[in-house]
Each structure stands twice: as structure tokens, then as C-alpha cells.
Protein chains: 2
Amino acid sequence: MAPRSNETKQRILDAAEKLFAKEGFAGVTVRQIMREAGADVALAYYHFDSKRDLFDAVLMRRADHMNDVRHAALDAVEQRHPDDAPSVQEIIEAFTQPLLKLLAEDHDTWRDYFALIAQINNSPQWGGELMTRFFDPLVRRFMDAIRRAMPDAADVDLFWCYHFLSGALTLTFAETGRIDNLSQGLCQSKDMDAISDRLPRFIAAGFRHICNPT
Amino acid sequence: MAPRSNETKQRILDAAEKLFAKEGFAGVTVRQIMREAGADVALAYYHFDSKRDLFDAVLMRRADHMNDVRHAALDAVEQRHPDDAPSVQEIIEAFTQPLLKLLAEDHDTWRDYFALIAQINNSPQWGGELMTRFFDPLVRRFMDAIRRAMPDAADVDLFWCYHFLSGALTLTFAETGRIDNLSQGLCQSKDMDAISDRLPRFIAAGFRHICNPT
DNA sequence: AGACTAATTCAACGTCCGTTGAAACGCAAC
DNA sequence: GTTGCGTTTCAACGGACGTTGAATTAGTCT
């Protein structure tokens, strides 16, 4: 009965991802997850050590791929500019568009995971530690690229601008329906094309305005 | 023994605010809250109908004051410009600075409340409904003011720019320590002066770049 | 066919959950 | 000084929680 193991494990991770994204770590019980996964509650503890371990496994499962597509996008930008520095907007696009593209093209697969990241990023409980653990190397590389594009910018300005970018991007991931309500349907939380058209330009303009010494 | 009632009620709200902000609604038990408040668990149900009712009461307690200071700031901007339209940046400052000022000047009082708002804004569970309920009138007035400052802007652009503003602002409220880690101490989550100096200018530049038809 | 192993089920453990009813307390008015 | 009322305490309820050990199933190898 060996090869069925991974299939079940993935079903558990799917169910956990979906429920954690909606209600947070504490808002979901292991029994709920296993009911959603259609498996016995004890299987959660056969495949994972604890509820917390399952939570970490949910985060880990897609983290590598998330980082890979962003690294690849930054690679492409740098190869496009072997001698000169890319523009700030190109770099920001390499940071944001791979994720927005994942969400646009495979929404059902990625929506819950991104929504979970959004909650974690804004949680005093998890935000500092987990975001650092999962994304620091990529973000550092991204910051280095920006620094080369704006060699006269002060580091402190760059970090705060990244902070604003991070907030704008993760609220997009949350897909709370808030903007749908506010705009009375004119904008839709899940409309990643609308975001893609605007977010990188919005953020790049902010970076330039704050970080460019006159 | 009548007049002590409100004092206890406030102690319960303080404790609930602190704990909800850190661990979310589901991550906190009524018993934890009452232990923190130094009162018997049954008192929670004497002063409030249920755990959920207590949660709502925590949100309601400071919502009016939050809205008041922002309305007052917008009043001041409009009185400063009886005939012409204020600049986008002035309007955004009226939206952000009153809150950043509260946080800077009375950090212990407001930190937990703002952190709670940050989590709610990024939660699929609460974000859409609660943010709309508490802040829609103010945000609509703010959007109207921006619209007057940029009469040629498309509504859909304005709403998306507001969305980016909302994300950047609420991540600031969360004070997760992430930016502290990333910048290795160069930036500090609680440094509201650093935010005040940069956020409105960053956001105003984004609005102008996206919403100004060339 | 029978032994071995990984996967799954079942039943239960001690603990803590949100919530409640009744009793006790402290203060004001009469 | 007793009545009355708003506040607080105490003890408990049914149920759900995270987690576990032992038994059962299904597939693999000899």
C-alpha cells in the first residue's frame, strides 16, 4: 500500500492550506482538516508530527517554487542587462509579476497559499519570523539589484520602500473582497491582470520619488 | 457597587485587545483574556454577550476616535483650500498622518488596536466585511477628495491605488518586526516618524503616476 | 501461501473550551 | 438595618480539542 501515501499526504496538505488560509492556524481544528481531506483524524499524526508541523509543511510545500520563479525572473532581467543596470521598474516586475502570473494562470492552486502568506505577513505572531525564514535570501538579492539601479539611494529609504511594496503586494494576495465592496464591483480582488498593470508602476514611481536624491 | 462596572469593562477590553492583536480571534481563549484582566471568567459574559461580541466591542471602542481624527484632518485640508483643489499628497497625508501620529505619540495605547486592524484587513475571513463596516464612509469621502484633485483619473485606477495604499499602511500597523530583521536593525517597525516621512510621498507619487492621463 | 511493512482505522485519554445558573458580595436608598 | 440592585465569585455543564496506542487493512517480496 506504499505508493498511496503521498497522494493522501497531498490531500491533507490541500485541505489544511484551504482552511488555514481562511481561518488562520488557531481557527482550524485537525478534525476539520481531516474531514475536508476525507481521511481519518489519526492519519494527520501518521504523516505529520503535530498540528504545528502540518502548518509548517503547508508553508514549505510551495515556498521553493515561489522562490524559483522569482529568481528566474531576476536572472532574466540581469541577462537582459549584461553591462548597464536594469530600471527599477524592471526589477520590481521581476519581483511581483511571477507571483501575479501564478495567481492569474492557476488561481485555484495558488489562491489559498497566497492568502495564507498575506495573513502571516501581517501577523505579529508569525510575520517577523516566518517571512524572514522563507523569503530573506530572495529579498536580499532583490534589494541588491535595486541598490545597483539606484546607486545614490540611502539604504534606509530602500528598506522602507520595500516595506510598502510588501504591504501592497500581500494585501493583493489576501483577496478579501474589500476592494470589491468599496468600488461597488468596479474592481475585483481576484483580477490579477488589473493588478499586474498597475502595481509595479505604482511601486516603481514610489521608489523613484523617495530614493532618488534630487 | 455601580461605578466600578465600567472600569472592569475597560480592563477586559484592554486585555482582549492585547491578546486578539497577537494571536487573532480564534487563538485566544476567554479564560486567557480574563486571567490577563485579573477577573473571573464569568464576568466576561456579564459585560458581553459572547466571545464574538467582546471581539466586536474591542473593534468598536476605538473606531469612532480613529474616524474622528481622520475626518478632522480632511476638514482642515478642505478649509485650507476653499476655492482650489488640494494636492493628492495633502489628501493622503490627511488620511495617514492622524493615525501615524496617534501611534507615535501614544504608542502603548494604540499599538495593539492597529495591529488588530492590520490582521483583519488581510484576513479573508474578516477583511471584506469588517473593514467595510467600520471605514467605508471615511474612505468614500477620501476617495471623493482624491477624485476632485485628479478630475481626469479613471475611477478604477483610483480604487486600485487606494488598495495599494491600504496594504502599505496596514502592514505598517502590524509591526511584525520583519523590516527590522531584513534591514538588520537599520529600520524599526515602530519608528512611525520614519514612516510619516516616506509613506505619504511614496503613495502620492504612485497615485500621480497611475492616475494622471498623460 | 505466508511474512513483512506501510497505510489506515477505531476508540479513547486527559484537558480545555465557551457558556451558564445560583449564590455571595458591596453599596445606596429608605 | 433591612431592602434592592448592580457586580462579582464559584462550580459546573456538555462538547470539542490535540494527540496516542493498538488493531486492521492492503500491497510487496520470498
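Values reported hereafter were calculated over all heavy atoms of this structure, with side chains retained and with hydrogens, waters and symmetry mates removed. Throughout, protein chains are lettered first and strands after them, A, B, ... in sequence-line order, and every chain is numbered starting at 1.
The ring pair (Phe, Tyr, Trp, His ring centres under 6.0 Å) contacts involving residues 15-39 of chain B comprise B:Phe20-B:Phe25, B:Phe20-B:Phe55, B:Phe25-B:Phe55, B:Phe25-B:Trp126, where partners must be two or more places apart or lie in separate chains.
Protein atom CG of A:Leu43 is 16 Å distant from nucleotide atom C1' of D:dG18, rounded to whole Å. Here the P atom of nucleotide D:dT7 and the CE atom of B:Met34 are 14 Å apart, to the nearest Å. As a whole-Å value, the separation of B:Glu7 CD from C:dC27 P is 13 Å. We find that CG of A:Asp53 is positioned 15 Å from P of D:dG18, with the value rounded to whole Å.
Between B:Tyr46 and the phosphate of D:dT7, there is a side-chain N or O to OP1/OP2 separation shorter than 4.0 Å. For B:Thr8 and D:dT8, the shortest distance from a side-chain N or O to OP1 or OP2 is below 4.0 Å. In this structure, B:His47 reaches the D:dT8 phosphate: one of its side-chain N or O atoms is under 4.0 Å from OP1 or OP2.
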Treating primed atoms plus P, OP1 and OP2 as sugar-phosphate and everything else as base, which nucleotides of nucleotides 12-19 of chain C get B, S or - for protein heavy atoms under 4.0 Å? B----BBB
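Every residue two or more places apart in sequence or in another chain that forms a ring-ring contact (aromatic ring centres under 6.0 Å, His included) with A:Tyr162 is listed here: A:Phe95. Applying the ring-ring contact (aromatic ring centres under 6.0 Å, His included) test to B:His107 and every residue at least two apart in sequence or in another chain returns nothing. Under the ring-ring contact (aromatic ring centres under 6.0 Å, His included) criterion, A:Phe164 pairs with B:Phe202, sequence neighbours left out. In this structure, B:His71 has no ring-ring contact (aromatic ring centres under 6.0 Å, His included) partners at least two apart in sequence or on a different chain.
For the pair A:Lys9 and A:Phe48, the cation-pi test (distance below 6.0 Å, angle within 45°) is passed.
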